[in-house]
Every structure is written in C-alpha cells, then in structure tokens.
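Before any comments, here is the structure.
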Amino acid sequence: MMRYLKLFLILAVLGAAGAAGTMWYLEKVRIKLELYSPDMGAMFYFDRKTKTVSIYSKDNILMYKKVYERADVMPSVIPADFYALMSYAGRNIYTCERPDTEDEIKLLKKYEIPAGGLDDCIVMYQAEKAAYMYKDDPHYDLVLWKTAADLIKMHGMQGIYDAYLQTVYMQSDLWGLESASLFYFGKSAEFTDRPQILWLMTVMTLNVLPYEDMESFVKRTGELAQFMTKDGNKAYADALRTPVEYNITAMTDEYPQYTSLILEEMERRGVQPSGEMTVTSGLSLATIKAAQEAIAERLPLVPEGANIVLAVVNTEDGSIEALAASNRFRFRTMQMKRQIGSTFKPVVYLTAFENGFRPNQLINDKRYEYKNHGKPYSPVNYDDYYMGVIPLRKGLVFSLNNATIRLATLTGLNKVADTAKDMGMAYDVKPYLAMPLGIFPLTAVNLAQVYSVIGAGGIRKDSGLILNIRQTNGDPVFYAKRRPTPIVSPVSAYQVMHILQDGPRIGTARGSGILLGTAAKTGTTNEYKDAWTAAIAPPYSIVAWVGFDDNRSMGEKGTGGSLAAPVVAAFQKRIWGEGQKIDLNIPQGVVFKEADSYSGVVTGGACQSKKVYIEAFAEDSVPEPCVRSAVEKMESENTTKGQ
C-alpha cells in the first residue's frame, strides 16, 4: 500500500511540475508575442513607379510608346462592389496558410488572438509582409496570426483591401487596380461599371487576360457574378452578358526600324527608362517619306540589283532627320561603309581656305608624279583630262584629281587629315597622297554629318537621332549638346559652298535636276563601284549613294552625277517643289567681287573681261584688281593664260 502511495505522490509532483512548466512556457510565449515588433508599415510600402517611354518625331507624331511599368495612386473612393468581391475572393478563391483546424482555433483562444478576418487570405498576405522578418521563428504561425489581427484592429478590412488594391499585379506590367483601370479602360476605377468591375476582379484573381485563357476567364467571371447575384445584386446577371471592350496594347511601335535606333542611342547615352519619359527625335516622318519616295522613283533607273541610300541631316540642330534605303535600311544607312571618292575633296579646299589660300588663286592641273614610300605615284584625272593653269575653284567644280592633290600637299596633308577628323569623319584619316581622292570608307549618314558642318557655317553640332528627353513634369533628362564646336570659320565654309553651287550648274552634277543654288559634290570610286552625291540645301545636308553589295562595277554611266545626283534631285522636288532656287546664308566677313573666268583675276580699273564670275572672298583677304596670284611659282606664260 505504501508503495502505491509513494507512486501516486511522485506522479502528483510530476504532474504539478508539468503543469507549472506548461504555464511557464505559455506565459513565455505570450510575453514573446507581446515583444514581437512586425513592420506594420510594410503593408503600405510600395516602391514601384510608373515607367513609360514615348517617342515623338520632330513633326510631333507619336512613333513609339511602351509601358515598362505602371503604378497609379488609388482614388479615395471606388465602388463598394470591389470590396464585396475582394472579401469573397479572400475567403473562397485565394489560398493561404490560415488558422482553420481545431488545434489552431484553440491556440487563438489561448493567446487571446481575435479570429475575425483571419480566414481571409488577403489579410494573411498583408500580414506576411509585416511579419516577413520572423519567417524562421518557431512561433511564426502565432506571430502571423497576431500580426493579422493587429492589422485589422489598426486599419480595418477596407484599409487592408485598399493596400492590396494599390499593389496587386494586374498583368501587362501594371501594378494596382487604378493602373489597370486607366490602362485597359481609359478611366479611373472610381467610374467603372459592373461589367468592368467583374473583368478587373477576374484579372486580379485569375492572373490572366481573356486572350490567354478564355475558358478559365469566362468561368471565373461567372463565379464572381454568381456570388454578387446570390448576395442580392441581381444586376450582375445582366453585367455578365455585357461585352467588355478593353485595351491590351502595352506598346505602340509604328516605325520599329527607326525607334529601335533611337532606343539604342538612349542606351549609348546612358538613359534608362524612369518615370514617364517623352523623347523628341530629330527624325521627321515627312522628310523620311520624301526620301523613301525619291528612292522609289529612281530605283527603276539604276542598274538592276543596285541599291540606293539617302541620309538627311538637319544643319540647324545637327539631328539626323531622315534615313532611307531601297533595302536593308538600318545596315545601309548606319553600318555599311563604302569609299566616298571625290565627295572628300571639299575638305581639302576648306582646309586650304582656312590656311590663307583664296579661291581665285591659280594652280596647275597637270599630271604630277610623287614619291610614295620610295615608289612613284602619278594619279590621273577622270578621262585623263587636264585643264592646265586654272583658278582653285575649278579644281573643285570639275573634281580634278591632280589639282586637288597638289593643293592638299601645298596646304599640308596633316592639316587636311586633322580637318576631316574634326568635322566628325568616323575613320582614322591618314595624311596619304591618295587621301584627297576619298579612298577610305564611311557610312552615308556619317558623310551627311560631315557635310552638315559645312552647311552649318563651319560649326559641328551634336548629330544624333535624339533632340531631347524630358519627364512629363517638364524636367529635362537629356538634351543634345547645344554648345557648338567651331571647326572652321563661317567664311571658309561659305567659300566652299559658293564654289559647290556651280556643281549642279556647270560641274559634275549638271543636268541631274538638282535645284539651282544647291551646293553639291559628286563622287565616283574606281571602276564605277560607288556613286555618291553630297549636297547642302538649307536646312539640310543630303547624301545619296548608289551601288551593288558585292562591289561590282555599274559601268561607265555609274557616276555620282548620273546615278546619285538625280536621287537628291527627286528628294528636293518633294521638299521644295520643282523650279525653286536654293539660297545659302551669307555670313559676315564675305565680300563678293567679279573675277575673270579663266585667270581668276579680280576685274576693275584697267582689268576688264568679257567673261566673269562672282567670287566670294574673306573681307581681310580681297585681292586688288589686276593682281595675279598663284598657289606656287609657275611659268609666266601659264599664269597669264586666259587673259
């Protein structure tokens, strides 16, 4: 008997100890729950911001718009039906870990955690945000439930739903109910009707758009409508049968071949989508159309299989205004490099004028022989034709190889190469004897950019496809460089253009249809593989190229004057009309004088001539009438030729 009594006492003591231990443990957990500090503000934290990029052409036409991300602030009032459907979804559609077993309900009672609302998964999702730092705690379930109860106490069910509606993902890179309503329906959630409410709630709870899974979408919409109808709202039966029109286009891209180039330029400039960006491009859709039509007009008239390229740069702002090609547009305008031939020659004359030469000075156009790395180099003129002693301007007008190379050597090949680089030629131009003949390759757009320096009066501007990028509030993100870089004097640039105006009139572009007054230079590479024309007609520099991909010859008629110049003319016809005359801006410091057409001597006083032309001089370098001058010493009988 005593043995049983001892056993009973031992068990009683152990039971009492166990009960005390349990009480101690429960109290410890209770205290621990009280001391937990979840991030109650996390429910409302939302760092997503609207990110859109809109690209407009220079003529203010929307070319591209993409919603990278959209997050709009919820209105203060939305239809109450959203909350009713949220409550239904939270309890019947969404799945989550919620206290629903008998043991879990007992735990809630034991720790005096209100159970109301904890059967709603939306509440539990929001509680998870607040208690995320305790996820690995052994008592995480209790922490989560208490956090959920505290959130309900602090913000109410509507407050929790509002926070969820602000942050929920709504497909198409949209975050929040308001963003979805504005994007899909073009109006605030505050003004949505019953069919639209059903549609938005289906997207929210199903995570698909109708076209992605129409069967599931219709089924879910019916489920939501049935709930509302059972809840006494009979109008939802009709709403279910009402078709909903919505927008699912997250991107507008009407001109992808151009906008892709603009987006790439944004990336090169280090501009990433942030906020609501508006990009203004220098591209003009009207100018592009004119370029495309000009190419289409001339394509049947070039050798079969040859391609045509047009690049147009605006000399006023330095922007690329049009790019067009008969085939593989991006490659041909921006990437394909071909020898530019005689279109380089204006750089030689520009450098010479900058270094004191005058356009009326005499030079001997004959076949010269040079030593090139110990070997003889003797270039020939086109058709092996030489004009003898002539004013400098004729060497450019008639694209005379020997006169030009001679002038380059007298000016300094290094100086000519430096000018070319300063003008923006994307090539390491070397001071070789053949350099003045344009033996190196450039893209069409780069050549147009180089000519834009001449057209802009010797000023190099930040050429590109983008003029500016701004946020919708007006804050600037990027501006094309507005500080111009002077390369040569406006007077020297004008002197070159003044000479090049004779190209379409009497020079290598005559008969091409290029408008009078245009400053134009043609170029033809060896064996007629490339035909070029570069032209300046304010506000544009225009470059046309014609050729075969495989560098085949286009035949003896494949010259810049016969193939490329008419492309420029066709473009001009669409911009200015036929019969117009192009006027060049005349800078200060230019003086015009009559000069003898053969000798270049300024007329007046005792010097008269039956055939004169108007020459442009720098005001500080105007020769006196009758004064002959040559760029180098020549035989006296040559210097008087033509008087």
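All figures in this text were calculated on a predicted structure; none of them were measured in a lab. Keep in mind that the numbers below use all heavy atoms, side chains included, and drop hydrogens, waters and symmetry copies.
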Under 3.5 Å donor-acceptor, Q166 side chain and A163 backbone | no
Report yes or no: does D530 contribute a side-chain atom to a donor-acceptor pair with the main-chain N or O of R338 at less than 3.5 Å?
-> no
Any donor-acceptor N/O pair, Q572 side chain to L515 backbone, under 3.5 Å | yes
Pair T52-K65, side-chain donor/acceptor within less than 3.5 Å = no
Is there a donor-acceptor pair closer than 3.5 Å between any side-chain N or O of S181 and the backbone N or O of A189?
-> yes
Nearest atoms (heavy-atom pairs only) where V546 meets A306 = CG1-CB, 4.3 Å
Are R510 and D502 ion-paired here, with the side-chain N under 4.0 Å from a carboxylate O?
-> no
Show your working on side chain to side chain contact (heavy atoms under 4.5 Å, CB included) between L261 and L323 and close with a plain yes or no.
-> CA-CA 11 Å; L261 292 171; L323 298 169; 4.3 Å; yes
Under 3.5 Å donor-acceptor, E190 side chain and P75 backbone = no
Is there a donor-acceptor pair under 3.5 Å between the side chain of T518 and the backbone N or O of A520?
-> no
Run through W545, F344, W532 and flag the one making a side chain to side chain contact (heavy atoms under 4.5 Å, CB included) with L447.
-> W532
Answer yes or no: is there a donor N or O on one side and an acceptor on the other, between the side chain of D59 and the main chain of A286, under 3.5 Å?
-> yes
For atom NZ of K49, decide whether the heavy atoms of other residues, nucleotides or ligands shown that lie under 6.0 angstrom number more than 12.
-> no
Rounded to the nearest 0.5 angstrom, the CD-CD1 distance for Q257 and I262 is 10.5 Å
Interatomic distance, NZ@K573 vs CD1@I514, rounded to 0.5 Å, equals 13.5 Å
Indicate yes or no for a side-chain donor-acceptor contact from R332 to the backbone of I308 under 3.5 Å, with no hydrogens or angles considered.
-> no
Approximate separation, where rounding is to 0.5 Å, of M214 CE and L209 CG = 10.0 Å
State whether the number of non-hydrogen atoms from other residues, nucleotides or ligands found under 6.0 Å of K187 atom NZ is greater than 12.
-> yes
Where the side chain of R48 meets the backbone of E69, is there a donor-acceptor pair that is under 3.5 Å apart?
-> no
Smallest separation among heavy atoms of M425 and I340, with atom names = CE-CD1, 4.2 Å
Search all heavy atoms of P300 against all heavy atoms of E297 and return the closest pair with its distance.
-> CD-O, 3.4 Å
Going by atom types alone, do S399 and K345 pair a side-chain donor with an acceptor below 3.5 Å?
-> yes
To the nearest 0.5 Å, atom CE of M334 lies from atom OG1 of T443 at 7.5 Å
Could you state the interatomic distance from CG (L177) to CD1 (I78), rounded to the nearest 0.5 Å?
-> 5.5 Å
S541 side chain vs I536 backbone, donor-acceptor pair below 3.5 Å = no
Side-chain donor-acceptor contact under 3.5 Å, Y255 with S57 | no
Would you tell me whether E354 and S492 have side-chain atoms, one donor and one acceptor, within less than 3.5 Å of each other?
-> yes
Looking at CE of M423 and OG1 of T485, how far apart are the two atoms once the value is rounded to the nearest 0.5 Å?
-> 13.0 Å
Would you say N327 has more than 12 foreign heavy atoms packed within less than 6.0 Å of its CG?
-> yes
Just checking, any donor-acceptor pair under 3.5 angstrom between side chains of T525 and Q339?
-> no
Compare every heavy atom of L62 with every heavy atom of S54, then report the nearest pair and how far apart it is.
-> CB-CD1, 4.2 Å
Cation-aromatic face contact K129/Y125, 6.0 Å, 45 degrees | no
From CA spacing to verdict: side chain to side chain contact (heavy atoms under 4.5 Å, CB included), M435, F440 = CA-CA 8 Å; M435 170 193 64; F440 48 87; 4.2 Å; yes
